[in-house]
Amino acid sequence: MLASYGLIGLFFVVVLVFSLTMVVIPIILRFLKIVPSHPNPVKNSTFECGMETIGKTWVQFNFRYYFYALVFLALDVLVIFLYPWAVQLRALGTFSLWVVLILVFIVFIGYLYAWQKKVLEWK
Amino acid sequence: MGLAAAFWIMAVVIVAAALGVVFLRNVFRAALTLVLCFVAVAGLYITLSADFLAAVQILVYVGAISVLIILAIMMTREVPQGSPANRLKLPAFIVAAVVLGIMIYTVTKTAWQVSAEAPLTPTTVPLATKLFSEGGFVLPVEIAAVLLLAAILGAIVIAREK
């Protein structure tokens with residue numbers, strides 16, 4: 001079984017080597033004078049992935065985003081409980097279904113409360 | 001042989017990433033090295049035949065905790081300036097060194113009990129039977145749900161500004 005994880009490790013190695021070579025190739029080509037180097041402001045400008053920002057790029061984000069991150073964390077922990085149950089669903093039978101339904105219901109109360117308190121609305 | 005090599009690669013990556021978290025001036029890059037550290041720890045769990053724990057590590061720490069940390073950083077001002085050094089630098093170093101020394105001492109001097117049995121793999125199915133079958137840990141699972149509920153309610157209370 002560990003061998004299958006070894007494949008994932010191999011994948012990581014390939015990813016690392018590939019991305020490093022992609023970065024290094026242009027540097028080497030320029031070093032060997034195969035690619036000419038005549039930089040100017042137009043060539044050095046950002047031509048994709050959005051505009052150049054006016055003012056600071058690092059702005060303070062709204063605090064309210066943090067709430068969604070916290071709720072996401074709670075859902076993530078819920079998934080940890082659902083995942084082994086889903087793997088073993090057939091063998092565990094109806095009893096485990098009730099267990100999981102109660103589990104989800106208890107967490108769902110929190111979301112009902114959030115809905116009721118209008119926290120999920122963006123003001 | 002392969003396991004030992006995997007362990008040492010992972011160990012070096014973990015220590016390097018953890019040092020990066022401490023020494024990088026830019027907090028955002030420090031957070032990214034922390035993510036690398038989490039991923040390498042998941043790899044370490046896999047070498048210990050704890051595959052479910054590794055999945056949990058990826059899911060919660062790499063997936064959610066790092067999002068929390070990065071969001072928290074995005075809410076701070078002057079991110080690239082990062083964490084400037086202050087007067088507590090030396091005391092903090094001494095405390096950290098003492099803690100490290102104590103941990104190394106305990107880990108190397110304790111006579112750890114090692115089970116003779118081969119580890120269960122994969123671990124997900126036995127865990128599911130333990131958690132959800134009749135006579136399993138059903139009540140603790142539900143109590144964990146209550147804990148989650150408390151976390152969500154706490155998040156709501158924090159997020160509601162008057």
Side-chain angles (χ1 to χ4, degrees), chain A residues 1-6 8-9 12-13 56-81 83-89 91-93 95-100 102-111 113-114 116-120 123, chain B residues 2-3 6 9-10 28 39 43 46-47 49 51-52 54-56 59-60 63-65 67-72 74-80 121-134 136 138 141-142 144-161:
Chain A
M1 193 210 64
L2 278 169
S4 55
Y5 287 109
I8 298 177
F12 265 105
V13 171
K56 272 188 197 164
T57 312
W58 287 98
V59 292
Q60 235 175 323
F61 278 76
N62 194 324
F63 171 74
R64 297 183 59 82
Y65 287 113
Y66 203 66
F67 169 71
Y68 296 97
L70 281 173
V71 169
F72 167 60
L73 179 62
L75 266 188
D76 223 27
V77 178
L78 183 68
V79 166
I80 290 169
F81 286 100
Y83 168 54
W85 172 68
V87 169
Q88 202 48 355
L89 184 61
L92 284 170
F95 177 77
S96 70
L97 178 67
W98 288 113
V99 173
V100 168
I102 294 169
L103 184 88
V104 172
F105 176 71
I106 291 174
V107 176
F108 191 61
I109 292 172
Y111 286 91
Y113 180 77
Q116 217 47 33
K117 290 283 176 187
K118 300 192 182 351
V119 190
L120 300 175
K123 275 166 266 174
Chain B
L3 264 185
I9 292 170
M10 238 76 89
F28 191 74
V39 173
I46 287 171
T47 62
S49 306
D51 50 352
F52 183 71
V56 168
L59 203 66
V60 174
I65 301 281
V67 166
L68 270 189
I69 291 172
I70 287 170
L71 261 177
M74 282 159 82
M75 278 161 214
T76 55
R77 283 174 291 132
E78 313 294 341
V79 174
T121 50
T123 50
T124 313
V125 172
L127 257 174
T129 356
K130 276 281 172 204
L131 285 177
F132 294 109
S133 64
E134 278 172 86
V138 173
V141 167
E142 307 295 6
V146 175
L147 200 63
L148 272 179
L149 178 63
I152 294 170
L153 293 186
I156 292 168
V157 170
I158 290 172
R160 275 182 79 203
E161 50 219 319

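Note that these values count all heavy atoms, side chains included, but never hydrogens, waters or copies made by symmetry.
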Check your understanding: Is atom CZ of A:F108 surrounded by more than 12 heavy atoms (other residues, nucleotides or ligands) closer than 6.0 Å?
Key -> no

**Study point:** For B:E142 against A:V99, the heavy-atom pair lying closest together
**Key:** OE2-O, 3.0 Å

Practice item. Write down the atom of B:L71, the atom of A:A69, and the distance for their closest heavy-atom approach. Key: CD1-CB, 3.1 Å

Revision key, fill the gap. Counting heavy-atom pairs under 4.5 Å with chain A, the top scorer among B:T124, B:I156, B:V141 is B:I156

Review point. Heavy-atom distance under 4.5 Å to chain B: side chain of A:L97, backbone, both or neither?
Key: neither

Check your understanding: Using non-hydrogen atoms only, which part of B:A72 is less than 4.5 Å away from chain A: side chain, backbone, both, or neither?
Key -> both

Review point. Which of the residues B:V56, B:L131, B:L127 is involved in the greatest number of heavy-atom pairs with chain A at under 4.5 angstrom?
Key: B:V56

**Study point:** Closest non-hydrogen atom pair, A:S96 against B:F132
**Key:** CB-O, 3.6 Å

Practice item. Would you indicate whether the side-chain heavy atoms of A:I106 and B:L148 approach each other to under 4.5 Å? Key: no

Exercise for review: Could you tell me which portion of A:V107 (side chain, backbone, both or neither) has an atom closer than 4.5 angstrom to a non-hydrogen atom of chain B?
Suggested key: both

Review point. Can you say whether A:L92 sits under 4.5 Å from chain B via the side chain, the backbone, both, or neither, judging by heavy atoms?
Key: side chain

Point to revise | For chain B, the option from A:I109, A:V104, A:I102 that forms the most heavy-atom pairs under 4.5 Å | key: A:I102

Study note, to complete from the structure: Between B:L68 and A:L73, the two heavy atoms sitting closest are CD1-CD2, 3.5 Å

Point to revise | From CZ (A:F67) to CD1 (B:I152), nearest 0.5 Å | key: 8.5 Å

Revision key, fill the gap. Most contact-rich option vs chain A, by heavy-atom pairs under 4.5 angstrom, among B:V67, B:I9, B:V60, is B:V60

Review point. Closest approach of B:A64 and A:D76, non-hydrogen atoms and distance?
Key: CB-OD2, 3.4 Å

Practice item. Tell me, yes or no, whether the heavy-atom count around A:Y83 atom OH, taken from other residues, nucleotides or ligands under 6.0 Å, exceeds 12. Key: no

Check your understanding: Would a 4.5 Å heavy-atom cut-off, applied to side chains only, mark B:V138 and A:F95 as touching?
Key -> yes

Study note, to complete from the structure: In terms of heavy-atom contacts, B:A144 and A:F81 come closest through CB-CZ, 3.5 Å

